[in-house]
*Asks:* 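Dropping the structure in here first, questions after.
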Amino acid sequence: MMDRSSAASVDQPSAPSPQDTRSDAKGLQDGLQEALLEQLFANDEPGHGPDTQTAPPEPERRWPHLRRGIKIAAGLAIIAVFGWLPLRAIWENSSVEAVLNSRLVTLRTPIGGRVAAAHRMDDQAKLEAGTVILRVVNSRSDRTRLDDLRRQKSRLENERPSLAAKLASAQAAQQDLARQAAQFRDGRVLQLEARIAEIQTSIEAAAARRDEASAAVDRASSLAKTGNVSTVELARLTRELSVAQQTELGARKRLDAAKVELTAAKNGSFLGDSYNDRPSSVQREEEMRQRASDLEADLARIDTEIAWLANEIITEEVRVADLSEANITTPVAGRVWEMMTSPGEDVQAGQPLLKVLDCSGAVITANVTENVYNRLQLGDHATFEPNDGGEPISGTVVNLTGAAGAPANLAINPDALSKEPYRVTVALGDAAAHACTVGRTGRVVFARNETTP
């Protein structure tokens, strides 16, 4: 009994009290470390082992020194581990936070209508450029102008056969009248030629009478000198000679007039007292020719209008098709980031439908301290080191926004990095970075640039 009481009295001063632990200068961390160390070495204290009665007092005196050394070593290890990060940040031009980001492409509907899914797709499926994602169908598109154009074309096409028939009839009548006019002209020429021949015969007869009268006058003049012919007879013969000469002269004038009329008839003009320069057949032929020309011009105009309407109908059909249905395609390779509508929903023109993550335009958004930011320049080389231990990704500094607002067309808003206000954007140069791993965290190490004096 005495031994147990003495052992208990020996154990009481060696165990630390809770009040001493709370009053320690290093606080709760040292208290937890002491409790852990006491638990580890509980078996070495007096009264817990089989050799408690025979253990010498020397280990009890060395135990506080050993425990203090262990605590000092643990503190140095904590300082070494947690102090390495700020030291490395001081030695290197690196970011405080960094995240793999990518630009967003917002697809909007060009027309109003109802949304229909083009095909079933997975949210994580990667889409190639030009892939049709949605279709917008507008069954109530305006077709008024297209219908008007089609009606005008149909009306002209219906008028064209009757106009062509009128043209053919006018051309046939004109040809008939032209034949009649030609026959009249040929007959008139023959008539004038016969008249000219008749006049020439008359001229010859008048010339013969003139010669006879002239011989009679000469004979009577010689006889009158001898008194065998009276003066009256000589005067009569002289008068007959004069009449014969005038008759011949009149016949020659008629011949000249007939020749002029013949020449005009051959040229298409007809001279005479009973009609004008052109006969009725020729006039009617000219009128019918003019009518045929007008009908031909109208037919050409209708053909031109039909051809123009056909082109306008094709253009209007394309426009109506564009307003009736629109395919929403991805302009870049990527994946769907946010679907802002659903099949069956009615949308208006210009309304955003979805956002596509541009995998080909991956960037890194990072925030840095003010000292690091002031040492950076556009075009500096940078390396992104992922926190998961993946391969580093090289890139180039393309934007230094500082404390200004960052671009808003990114998948992850740079404002989410809030530890430092100075922001940097790095464009990636490795193909491995185009895998759309948006949100991957890490840090960016910038190449140190030597400034020239």
Side-chain angles (χ1 to χ4, degrees), residues 162-301:
S162 62
L163 189 61
K166 291 180 181 178
L167 175 61
S169 177
Q171 290 176 346
Q174 183 262 332
Q175 293 176 359
D176 185 61
L177 291 173
R179 187 182 71 256
Q180 293 180 10
Q183 292 176 353
F184 177 82
R185 183 177 63 252
D186 295 340
R188 182 60 177 171
V189 169
L190 294 175
Q191 182 183 11
L192 292 174
E193 288 177 351
R195 182 181 296 178
I196 289 173
E198 179 185 1
I199 294 174
Q200 288 177 350
T201 303
S202 299
I203 291 173
E204 292 175 356
R209 286 194 296 270
R210 175 181 57 78
D211 292 339
E212 182 181 2
S214 177
V217 168
D218 292 339
R219 187 173 57 250
S221 296
S222 61
L223 293 175
K225 291 178 181 180
T226 60
N228 294 327
V229 176
S230 63
T231 306
V232 175
E233 183 64 21
L234 180 61
R236 185 184 64 80
L237 292 175
T238 302
R239 185 174 62 255
E240 288 181 358
L241 176 60
S242 177
V243 171
Q245 290 176 350
Q246 295 299 323
T247 301
E248 181 184 2
L249 181 61
R252 292 186 181 279
K253 294 297 183 181
R254 289 198 306 272
L255 178 61
D256 294 338
K259 288 181 178 180
V260 171
E261 193 172 351
L262 177 60
T263 302
K266 290 181 179 180
N267 293 330
S269 298
F270 301 93
L271 304 178
D273 296 334
S274 59
Y275 49 83
N276 52 17
D277 60 340
R278 292 180 181 273
S280 60
S281 60
V282 175
Q283 295 178 5
R284 290 180 59 194
E285 188 269 338
E286 291 180 352
E287 293 176 356
M288 194 59 64
R289 182 188 298 114
Q290 184 64 37
R291 176 175 173 77
S293 300
D294 294 341
L295 292 174
E296 187 175 359
D298 293 340
L299 187 62
R301 177 183 58 80

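For this chain, numbers begin at 1 and follow the sequence in order.
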*Asks:* Please enumerate all residues that pass side chain to side chain contact (heavy atoms under 4.5 Å, CB included) together with K166, with sequence neighbours excluded.
*Replies:*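 L295.
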*Asks:* Enumerate the salt bridge (Lys or Arg N to Asp or Glu O under 4.0 Å) contacts for residues 288-298, please, sequence neighbours excluded, ordered by first and then second residue.
*Replies:*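 Applying salt bridge (Lys or Arg N to Asp or Glu O under 4.0 Å) to every pair that reaches into residues 288-298, excluding sequence neighbours, yields E285-R289.
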*Asks:* Please identify each residue that fulfils side chain to side chain donor-acceptor pair (under 3.5 Å) with Q200, with sequence neighbours left out.
*Replies:*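 Q200 satisfies side chain to side chain donor-acceptor pair (under 3.5 Å) with no residue once adjacent residues are dropped.
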*Asks:* Who passes side chain to side chain contact (heavy atoms under 4.5 Å, CB included) against E198, sequence neighbours left out?
*Replies:* none
*Asks:* Name all pairs fulfilling the salt bridge (Lys or Arg N to Asp or Glu O under 4.0 Å) condition that reach into residues 234-252, sequence neighbours left out, sorted by first residue then second.
*Replies:* R210-E248, E233-R236, R236-E240, E248-R252
*Asks:* Tell me, yes or no, whether the heavy-atom count around E212 atom CD, taken from other residues, nucleotides or ligands under 6.0 Å, exceeds 12.
*Replies:*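 12 or below, so no.
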*Asks:* Once rounded to the nearest 0.5 Å, what's the spacing between atom CG of L262 and atom NZ of K266?
*Replies:* 4.5 Å
*Asks:* To the closest 0.5 Å, what do you measure between CD1 (I196) and OG1 (T201)?
*Replies:* 12.0 Å
*Asks:* Which heavy atom of A251 sits nearest a heavy atom of I203, and at what distance?
*Replies:* CB-CG1, 3.1 Å
*Asks:* If only atom types and distance count, is the side chain of T263 paired as donor or acceptor with the main-chain N or O of K259 below 3.5 Å?
*Replies:*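 Between the backbone of K259 and the side chain of T263 there is a qualifying donor-acceptor contact (under 3.5 Å).
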*Asks:* Does R195 have any side chain to side chain donor-acceptor pair (under 3.5 Å) partners at least two apart in sequence or in another chain, and if so, which?
*Replies:*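 R195 satisfies side chain to side chain donor-acceptor pair (under 3.5 Å) with no other residue.
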*Asks:* My understanding is that only residues two or more places apart in sequence, or in another chain, count here; which of them pass side chain to side chain donor-acceptor pair (under 3.5 Å) with Q171?
*Replies:* none
*Asks:* My understanding is that only residues two or more places apart in sequence, or in another chain, count here; which of them pass side chain to side chain contact (heavy atoms under 4.5 Å, CB included) with S214?
*Replies:*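 Per chain and number, S214 pairs via side chain to side chain contact (heavy atoms under 4.5 Å, CB included) with D218, L241.
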*Asks:* To the nearest 0.5 Å, what is the distance between CG on L177 and CD on E286?
*Replies:* 10.5 Å
*Asks:* For a quick test of reading the model, state the closest non-hydrogen atom pair linking L167 to A292 and the distance between them.
*Replies:* CD1-O, 3.1 Å
*Asks:* Which residues satisfy the side chain to side chain contact (heavy atoms under 4.5 Å, CB included) test with S221, sequence neighbours excluded?
*Replies:*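 Scan of S221 (side chain to side chain contact (heavy atoms under 4.5 Å, CB included), adjacent residues dropped) gives V217, L234.
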*Asks:* With sequence neighbours excluded, give me every salt bridge (Lys or Arg N to Asp or Glu O under 4.0 Å) pair touching residues 170-179.
*Replies:*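 Qualifying pairs, neighbours excluded: D176-R179.
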*Asks:* Once rounded to the nearest 0.5 Å, what's the spacing between atom CD of Q175 and atom CE of M288?
*Replies:*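 These two atoms lie 11.5 Å from each other.
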*Asks:* Could you state the interatomic distance from CD1 (I199) to CD (E204), rounded to the nearest 0.5 Å?
*Replies:* 12.5 Å
*Asks:* Tell me every residue that passes side chain to side chain donor-acceptor pair (under 3.5 Å) with R219, counting only those two or more places apart in sequence or in another chain.
*Replies:* none
